[in-house]
Amino acid sequence: MNAFTFCFTYTLVLPYHKTLLFSPNRKSSYVFPQAILKKPSSTQHNKFKPLKKPLFLEVFLNACDDFIDTYIDPPRHPFVNPEYVLSNNFAPVDELPPTECEVVKGTLPSCLNGAYIRNGPNPQYFPRGPFHFFDGDGMLHSTKISNGNAIFCSRYVKTYKYLVEKKAGYSIIPNVFSDFNSLLAFVFRGAMSITRIIIGQFDRSNGFGPSNTSLALFGGKLFALYESDIPYAIKLAPNGDIITIGSHNFDKNTSINMTAHPKIDPITNEAFAFRYDPILSPYLTYFRINPNGVKSHDIPIFSMTRPSFVHDFAITKNYAIFPDIQIEMNLLGLITGGAPVGTNSRKVPRLGVIPRYAIDESEMRWFEVPGFNMMHAINAWEEDNGDTIVIIAPNILSIEHFLKRLDLVHANIEQVKIDLKTGRVSRKIMSKRNLEFACINRAYIGKKNKYIYAAMPDPLPKAKGLVKLDVSMLEIDHQQPNCIVATRIFGPNCFCSEPFFVPKDHDNVFAADEDDGYLVCYMHNESTRESSFIVMDAKTHDLEIVAVVKLPHRVPYGFHGIFVKESDLNML
């Protein structure tokens with residue numbers, strides 16, 4: 001094994017982790033929150049063990065980090081300059097214990113008894129070197145509602161990475177989004193990571209992701225998720241506090257990582273999921289988890305012949321659908337002065353279809369869909385007695401900018417139809433407006449739905465407003481695509497996050513109209529620097545705001561959230 005392979009194996013075999021280099025004298029354009037140091041309890045992480053600190057080696061390694069960040073790989077571009085990336089409402093906040101909130105408009109509907117929790121990056125330490133927004137430590141922001149009253153809480157997901165770096169007082173674990181932008185940076189930072197492993201500063205087998213992407217409820221547990229790490233089980237205390245129970249490995253029958261976007265069938269309560277490997281084949285592995293939390297055997301997908309960036313997928317009643325897009329792991333990018341993750345413009349994107357309960361990949365079929373780069377899936381279903389699969393998803397245009405310049409990225413929501421008999425693929429654009437971070441009534445996952453609710457990026461992950469789309473309008477006129485039937489703009493300098501749909505009647509969803517419910521999200525006013533929890537009527541033509549909760553501190557822009565009804569919270 002040569003030095004290059006050795007560095008790569010130890011630092012990138014599971015992708016997307018960031019070294020947030022600690023610098024107590026570094027000045028920034030905002031006041032960075034000071035973490036409260038305390039010994040983690042055993043309930044917060046059942047694998048954490050205090051590390052022996054070789055003080056001299058720590059000082060030496062930190063000095064090496066400083067040299068690398070200053071002379072070898074400084075932040076040369078604004079999109080990795082922490083002063084720019086962590087400005088305004090992207091700046092992190094301190095943890096906040098459960099705090100009562102004021103409902104400043106309307107009343108909170110009884111169907112919202114439960115909690116809305118949203119995940120997102122919130123770096124524990126201010127980074128000195130290059131920093132990508134995707135790399136921050138995961139922080140959960142929860143609004144717990146009971147009988148019209150709201151309690152807000154913000155807590156870090158107490159991952160192994162978070163606890164090790166909290167104890168050390170600086171960041172240790174690297175991340176490919178920011179730290180490996182050239183061959184020199186790769187070699188030097190790889191050598192640093194190997195040294196830190198050898199001297200016992202961290203143990204990769206305990207996991208090393210920030211758990212900053214999403215949340216999902218399945219197998220009787222609520223998980224904070226990040227696609228390059230194992231899930232972390234969390235729960236809410238009766239007072240609204242967020243507690244990290246610890247990493248969860250499904251009875252030691254799962255690998256180190258799984259997707260941040262599992263699909264939960266609302267009828268069977270099964271979770272369908274996957275993991276991908278950026279280096280070694282199989283690059284994609286599919287599996288499912290039954291309602292009791294027991295994982296099935298792995299189904300390796302060897303027909304994915306290149307290490308593609310698979311962030312999300314979709315399910316129907318009988319199939320799972322995977323994207324093979326133009327973002328790939330590319331080691332040659334390091335040699336040519338680029339990053340190991342980039343776009344392959346010569347590649348034709350594909351969609352792979354496999355039976356949900358396949359025992360191997362023998363029935364996997366791939367269909368070329370030129371120019372269709374699906375980062376997130378909205379929904380999918382079957383038509384024509386199962387002979388046609390319909391997928392609804394945003395198509396990321398200018399995919400080459402996705403990892404660097406989100407302000408240059410535009411996404412059209414499209415409908416893709418695959419005729420399983422003939423292999424013919426057809427596409428329709430639902431709207432040419434830039435739309436992403438979409439949701440539906442989750443009772444319709446895997447079956448035909450009519451309504452979609454999407455954010456209007458400005459750019460992602462913040463959005464200037466929300467829209468409601470009617471899928472059935474595609475059947476009326478697809479020459480002038482515009483399926484938008486309702487719009488909500490929050491006003492000057494006001495931006496929201498991804499919406500989440502909550503039905504009015506949780507127990508009888510199909511007895512009511514599909515859109516009979518509320519949209520919830522966090523909204524931030526950049527002029528007043530105040531954040532709010534917003535409730536909108538999903539049936540109205542303007543997504544009318546029916547309730548507003550003033551939050552006790554700012555909620556940074558983030559990623560994906562979930563609403564958990566009260567009865568499910570009580571069972572965690």
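Using a cutoff of 4.0 Å between basic side-chain nitrogens and carboxylate oxygens, Arg554 and Asp94 are not scored as salt-bridged. Salt-bridge formation is detected for the pair Asp265/Arg356: a Lys NZ or Arg NE/NH1/NH2 atom is positioned less than 4.0 Å from an Asp or Glu carboxylate oxygen. The pair Asp324-Lys347 meets the salt-bridge criterion, since a charged nitrogen lies less than 4.0 angstrom from a carboxylate oxygen. Ion pairing of Glu270 with Lys295 is absent here, as no side-chain N (NZ or NE/NH1/NH2) approaches a carboxylate O to less than 4.0 Å.
Separating the CD atom in Gln124 from the OG atom in Ser171 is a distance of 6.5 Å, to the nearest 0.5 Å. The CZ atom of Arg204 lies 11.0 Å from the CG atom of Asn206; values are rounded to the nearest 0.5 Å. We find the CD1-CD1 distance between Ile234 and Ile242 to be 6.5 Å, quoted to the nearest 0.5 Å. One finds the CG atom of Asp229 at 8.0 Å from the OG atom of Ser247 (value rounded to the nearest 0.5 Å). Atom NE2 of His261 and atom OG1 of Thr213 lie 7.0 Å apart (nearest 0.5 Å). Of the inter-residue distances, the one linking Leu236 atom CG with Leu569 atom CG reads 6.0 Å to the nearest 0.5 angstrom.
Using modelled atom types, no side-chain atom of Asp298 and backbone atom of Pro300 make a donor-acceptor pair closer than 3.5 Å. Distance alone, capped at 3.5 Å, places no donor-acceptor pair between the Glu328 side chain and the Gly342 backbone. Not one N or O on the side chain of Thr70 forms a donor-acceptor pair closer than 3.5 Å with the backbone of Phe67. Tyr170 places no side-chain N or O within donor-acceptor distance of the main-chain N or O of Tyr125, the cut-off being under 3.5 Å. Between the side chain of Thr285 and the backbone N or O of Arg275 there is no donor-acceptor pair closer than 3.5 Å. The backbone N or O of Asp241 sits less than 3.5 Å from a side-chain atom of Asn239, completing a donor-acceptor pair. Distance alone, capped at 3.5 Å, is enough to place a donor-acceptor pair between the Asn570 side chain and the Glu566 backbone. Formation of a donor-acceptor pair under 3.5 Å by the Asn119 side chain with backbone atoms of Ser211 is found in this model. For the pair Asn257 (side chain) and Ser228 (backbone), a donor-acceptor distance under 3.5 Å is absent. Using modelled atom types, one side-chain atom of Asn212 and one backbone atom of Phe134 make a donor-acceptor pair closer than 3.5 Å.
Asp360 and Ile299 get closest at one heavy-atom pair: C-CG2, 3.6 Å. Residues Ala455 and Ala463 share a closest heavy-atom pair of CB-CB, 3.7 Å. The two residues Met258 and Ala273 come nearest to each other via the heavy atoms CE-CB, 3.7 Å. Of all non-hydrogen atoms in Met374 and Asp312, the two that sit nearest each other are CE-O, 4.4 Å. Nearest heavy atom pair, residue Cys521 against residue Pro499, reads CB-CA, 4.1 Å.
A donor atom on one side chain and an acceptor atom on the other are not found under 3.5 Å apart for Tyr283 and Thr305. No hydrogens or angles considered: a donor-acceptor pair under 3.5 Å links the side chains of Tyr162 and Lys166. Asn373 and Gln326 form a side-chain donor-acceptor contact under 3.5 Å, judged by distance and modelled atom types alone. If you check the side chains of Ser303 and Glu361, you find a donor sitting under 3.5 Å from an acceptor. In the model, His553 has a side-chain atom that pairs as donor or acceptor with a side-chain atom of Ser154 under 3.5 Å. For the 3.5 Å distance criterion, the side chains of Glu498 and Tyr557 fail to qualify, holding no donor opposite an acceptor.
By the 4.5 Å heavy-atom criterion applied to side chains, Asn344 and Arg306 are counted as neighbours. You'll find the side chain of Phe152 stays beyond 4.5 Å of the side chain of Ser142, heavy atoms only. Put simply, the side chain of His141 reaches to within 4.5 Å of the side chain of Met139, judged on heavy atoms. Side-chain contact between Gln201 and Leu61: present, with at least one pair of heavy atoms (C-beta onward) separated by less than 4.5 Å. Inter-residue side-chain proximity for Tyr276 and Ser308 is flagged as unmet; no heavy-atom pair is nearer than 4.5 Å. Between Ser497 and Lys462 there is no side-chain heavy-atom pair separated by less than 4.5 Å. Side-chain contact between Pro92 and Asp137 is absent, with no heavy atoms from C-beta onward closer than 4.5 Å. Using a 4.5 Å heavy-atom threshold, the side chains of Phe402 and Ile396 count as touching.
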Derivation and outcome, side-chain contact (heavy atoms from CB on, under 4.5 Å), residues Thr343 and Ile325: CA-CA 9 Å; Thr343 56; Ile325 66 173; over 6 Å; no
Audit row: Asp203, Arg196, salt bridge (charged side-chain N to carboxylate O under 4.0 Å, His left out) steps and yes/no: CA-CA 9 Å; Asp203 182 349; Arg196 292 188 186 278; over 6 Å; no
Residue pair Phe126, Arg128: steps toward the side-chain contact (heavy atoms from CB on, under 4.5 Å) verdict: CA-CA 7 Å; Phe126 186 77; Arg128 298 189 61 176; 5.6 Å; no
Candidate pair Thr143 and Tyr522, rule side-chain hydrogen bond (donor to acceptor under 3.5 Å, both in side chains), full reasoning: CA-CA 10 Å; Thr143 299; Tyr522 290 128; 3.0 Å; yes
Phe559/Phe133 under side-chain contact (heavy atoms from CB on, under 4.5 Å): CA gap, chis, key distance, verdict: CA-CA 11 Å; Phe559 296 142; Phe133 175 68; 3.6 Å; yes
Worked verdict on Asp568 versus Leu572 for side-chain contact (heavy atoms from CB on, under 4.5 Å): CA-CA 7 Å; Asp568 286 336; Leu572 295 176; 5.9 Å; no
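Tested against Phe90 for a side-chain contact (heavy atoms from CB on, under 4.5 Å), the candidates Pro82, Pro556, Pro123, Pro461 yield a single pass: Pro461.
You'll find the ring centres of Phe79 and His132 outside the 6.0 Å limit. Aromatic ring centres of His248 and Phe250 lie closer together than 6.0 Å. Taking the ring centroids of Phe322 and Phe274, they lie under the 6.0 Å cut-off. Aromatic rings of His560 and Phe500 (six-membered ring for Trp) have centroids beyond the 6.0 Å cut-off, not under it. Not less than 6.0 angstrom separates the ring centroid of Phe223 from the ring centroid of Tyr232. Note: Tyr71 and Phe188 fail the aromatic proximity criterion, with ring centroids not under 6.0 Å apart.
His376 and His311 have perpendicular rings, their planes meeting at more than 60° on a 0 to 90° scale where under 30° would count as parallel. Under the 30°/60° scheme for interplanar angles, the aromatic rings of Tyr116 and Phe533 are found to be tilted.
The 12-atom threshold is exceeded at NZ of Lys565, counting heavy atoms of other residues, nucleotides or ligands nearer than 6.0 Å. The environment of OH in Tyr357 is crowded: more than 12 heavy-atom neighbours from other residues, nucleotides or ligands sit within 6.0 Å.
Annotation: cation-pi geometry not satisfied between Lys263 and Phe272 (NZ/CZ under 6.0 angstrom from ring centroid, within 45° of ring axis).
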